[in-house]
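Sending over a structure as structure tokens; questions will come in a sec.
Given the structure is predicted, the values throughout are model-derived calculations rather than measurements. Order of appearance sets the numbers: ligands from 1, and atoms from 1 within every ligand.
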Amino acid sequence: MLVDSFGRVATDLRVSLTDRCNLRCTYCMPPEGLDWLPKPDLLTAEEIVRLVRLGVERLGITEVRFTGGEPLLRRELPQIVAAAAALRPRPQISLTTNGIGLARLAGVLAEAGLDRVNVSLDTLDREVFVRLAHRDRLRDVLDGLAAADEAGLTPVKVNAVLMRGINDAEAVPLLSYCLERGYELRFIEQMPLDAQHGWRREDMVTADEIIGLLKDSFDLTDDDPAARGSAPAELFLVNGGPARVGVIGSVTRPFCGTCDRVRLTADGQIRNCLFATEESDLRTALRSGASDDDLAERWTAAVARKKAGHGIDDPGFLQPARPMSAIGG
Ligand code: SAM
């Protein structure tokens, strides 16, 4: 089991398949992109599958979420999903994606064993999309969402980050859009994880503000807290339910006390927190012939060192050196 010194157990593995992305969302990376990880540093599909197998068969991982960068850019994604789906006990398998290419791949991924998707969608306005993501790809994202739904990758969840002065007028239209189609929307507070270090607390659209914006147009009631479990989203029933909306107050309403996540970066580092400043290098060990026992021991030790909280409010808070795209969101 992956247990930390506060008794939290990590069962949810986020696996980044690449640090590359085909969008340039302002809260994540600069318009010119980043220096991508060199190819030899990336785990191969076989190495990823070996570590996922170890996590599931030996370390109690029950959920595997593939992410990035943009995971749909990883050519071997269907094979990696199929290998994860063949593990016993079979983990829940999901994907966090910007949806570009999903129209083509949703069926293939569902057949490979993918259970569901989270698609990022911050706006329904094409011009705002271009301003925020520096690419004219809104149509592809919406088509990807529809294809995921049709392929049965449900419940289709939608992630939205609101940025002041850019898309903070979109809370209500985004929720209406998702309600009409049966997608579950989650708003995520913007976190200090952008490569440009441009995050400012005073600019952040807070969970309180988001809930206020939604309450102007919808009747929101607290959902049963048991339904939340260790999930980061605070859930509300919309207009009496059953439809729900989630708000992830990562900064102002942290949920570190129930965190059950651990991350594997595309270059084979275990991170016990999004905001960790230390990593544990499984790639070097793996490529030096480490046994499963040795890898499991390193992984267990990395999780044991997990801190009580992300510390954004601590006076000495330091943003991690890796941006979100290179960690795996
Ligand atoms: N490319 C995929 C996507 O767009 O979903 C997966 C990776 S992306 C890093 C995962 C999620 O992290 C997205 O929903 C994105 O909106 C969110 N994200 C990225 N940077 C963020 C930040 N600084 N604060 C909050 N959420 C962020």
Side-chain angles (χ1 to χ4, degrees), residues 12 14-30 33-34 36 65-74 77 94-102 105 109 114 116-123 128-129 132-135 137-138 140-142 144-145 148 153 156-164 166-168 170 174 178 183-201 203-207 210 232-233 246-255 261 263-266 271 273-275 310 312 319-320 322-329:
D12 180 345
R14 308 280 163 115
V15 182
S16 174
L17 297 180
T18 174
D19 60 326
R20 290 172 186 260
C21 194
N22 39 12
L23 294 181
R24 299 286 182 268
C25 302
T26 316
Y27 48 73
C28 195
M29 64 171 82
L34 295 167
W36 311 121
R65 171 91 62 94
F66 294 108
T67 180
E70 176 42 51
L72 291 180
L73 294 179
R74 184 89 190 218
L77 178 61
S94 56
L95 180 75
T96 300
T97 171
N98 63 28
I100 298 171
L102 199 53
L105 284 167
L109 290 170
L114 186 69
R116 53 165 210 85
V117 289
N118 277 51
V119 178
S120 302
L121 173 69
D122 301 320
T123 176
V128 175
F129 190 98
L132 202 152
H134 298 98
R135 299 285 185 275
R137 306 299 296 269
L138 175 62
D140 298 287
V141 178
L142 300 180
L145 267 166
L153 297 172
V156 171
K157 295 188 183 173
V158 172
N159 292 346
V161 176
L162 295 183
M163 296 191 75
R164 200 173 301 287
I166 301 183
N167 64 335
D168 51 349
E170 302 253 355
L174 279 169
C178 290
Y183 309 153
E184 282 190 23
L185 176 63
R186 272 123 179 72
F187 291 96
I188 312 175
E189 273 181 350
Q190 189 190 350
M191 295 178 277
L193 286 170
D194 57 314
Q196 318 84 298
H197 290 228
W199 180 89
R200 300 280 171 274
R201 177 180 279 274
D203 292 342
M204 185 182 63
V205 182
T206 64
I210 296 165
V247 179
I248 304 182
S250 324
V251 178
T252 64
R253 301 176 178 202
F255 35 85
R261 286 168 286 286
R263 293 182 152 79
L264 175 65
T265 66
R271 294 182 62 90
C273 173
L274 265 182
F275 292 94
H310 58 40
I312 297 176
Q319 183 172 335
R322 277 187 199 256
M324 182 70 129
S325 56
I327 297 173

Check your understanding: With only distance considered, is Asp194 within less than 3.5 Å of ligand 1 through an N or O on each side?
Key -> no
Study note, to complete from the structure: re atom 26 (N) of ligand 1, the protein heavy-atom contact at minimum distance is Val161 CG2, 3.6 Å
Exercise for review: Please say whether Tyr27 places an N or O atom under 3.5 Å from an N or O atom belonging to ligand 1.
Suggested key: yes
Check your understanding: For ligand 1, which atoms have a heavy atom of Asn159 less than 4.0 angstrom away?
Key -> 14 (O)
Check your understanding: Between Asp19 and Leu34, does a side chain to side chain contact (heavy atoms under 4.5 Å, CB included) hold up when you go through it step by step?
Key -> CA-CA 9 Å; Asp19 60 326; Leu34 295 167; over 6 Å; no
**Study point:** Proximal atoms of ligand 1 relative to Asn98 (non-hydrogen, under 4.0 Å)
**Key:** 2 (C), 3 (C), 4 (O), 5 (O)
Review point. Which protein heavy atom lies closest to atom 10 (C) of ligand 1, and at what distance to 0.1 Å?
Key: Thr96 CG2, 3.8 Å
Point to revise | Contact check, Gly68 vs ligand 1, heavy-atom distance below 4.0 Å | key: yes
Review point. Distance-only, no hydrogens or angles: does the Gln319 side chain make a donor-acceptor pair with backbone N or O of His197 under 3.5 Å?
Key: no
**Study point:** Nearest atoms (heavy-atom pairs only) where Met191 meets Ser250
**Key:** SD-CB, 3.5 Å
Exercise for review: Compute the shortest N/O to N/O distance between Met191 and ligand 1 and return yes if it is under 3.5 Å, no if not.
Suggested key: yes
Check your understanding: Hey, what do you get for CZ (Phe66) to OG1 (Thr96), rounding to the nearest 0.5 Å?
Key -> 11.0 Å
Exercise for review: Do me a favour and list the nearest non-hydrogen protein atom to atom 27 (C) of ligand 1 with residue, atom name and distance?
Suggested key: Met324 CE, 3.7 Å
Practice item. Please name the residue in the list Asn118, Leu153, Leu72, Thr67 that meets the side-chain contact (heavy atoms from CB on, under 4.5 Å) test with Leu95. Key: Leu72
Study note, to complete from the structure: Minimal heavy-atom distance between Phe129 and Arg137, with the atoms involved, is CE2-N, 3.7 Å
Check your understanding: Of all the atoms in ligand 1, which lie at a distance below 4.0 Å from a heavy atom belonging to Thr67?
Key -> 6 (C), 7 (C)
Point to revise | Residue Gln190 vicinity, atoms of ligand 1 by number, heavy atom under 4.0 Å | key: 24 (N), 25 (C)
Review point. Any donor-acceptor pair under 3.5 Å linking the side chain of Gln196 with the backbone of Thr26?
Key: yes
Review point. Does the Trp199 side chain pair with the main chain of Asp194, one donor and one acceptor, at a distance under 3.5 Å?
Key: no
Point to revise | Residue part near ligand 1, for Thr97, under 4.0 Å between non-hydrogen atoms | key: backbone
Check your understanding: Considering Glu70, Met204, Arg14, Glu189, which one's heavy-atom position lies nearest to atom 2 (C) of ligand 1?
Key -> Glu70
**Study point:** Set of side chain to side chain donor-acceptor pair (under 3.5 Å) partners for Glu70, sequence neighbours left out
**Key:** Thr97, Asn98
Point to revise | Which of the ligand 1 atoms, numbered from 1, are nearer than 4.0 Å to a heavy atom of Gly69 | key: 1 (N), 2 (C), 6 (C), 7 (C)
Check your understanding: Do the side chain of Asn167 and the main chain of Asp122 share a donor and acceptor less than 3.5 angstrom apart?
Key -> yes
Exercise for review: Report yes if some N/O of Ser120 lies less than 3.5 Å from some N/O of ligand 1; otherwise report no.
Suggested key: yes
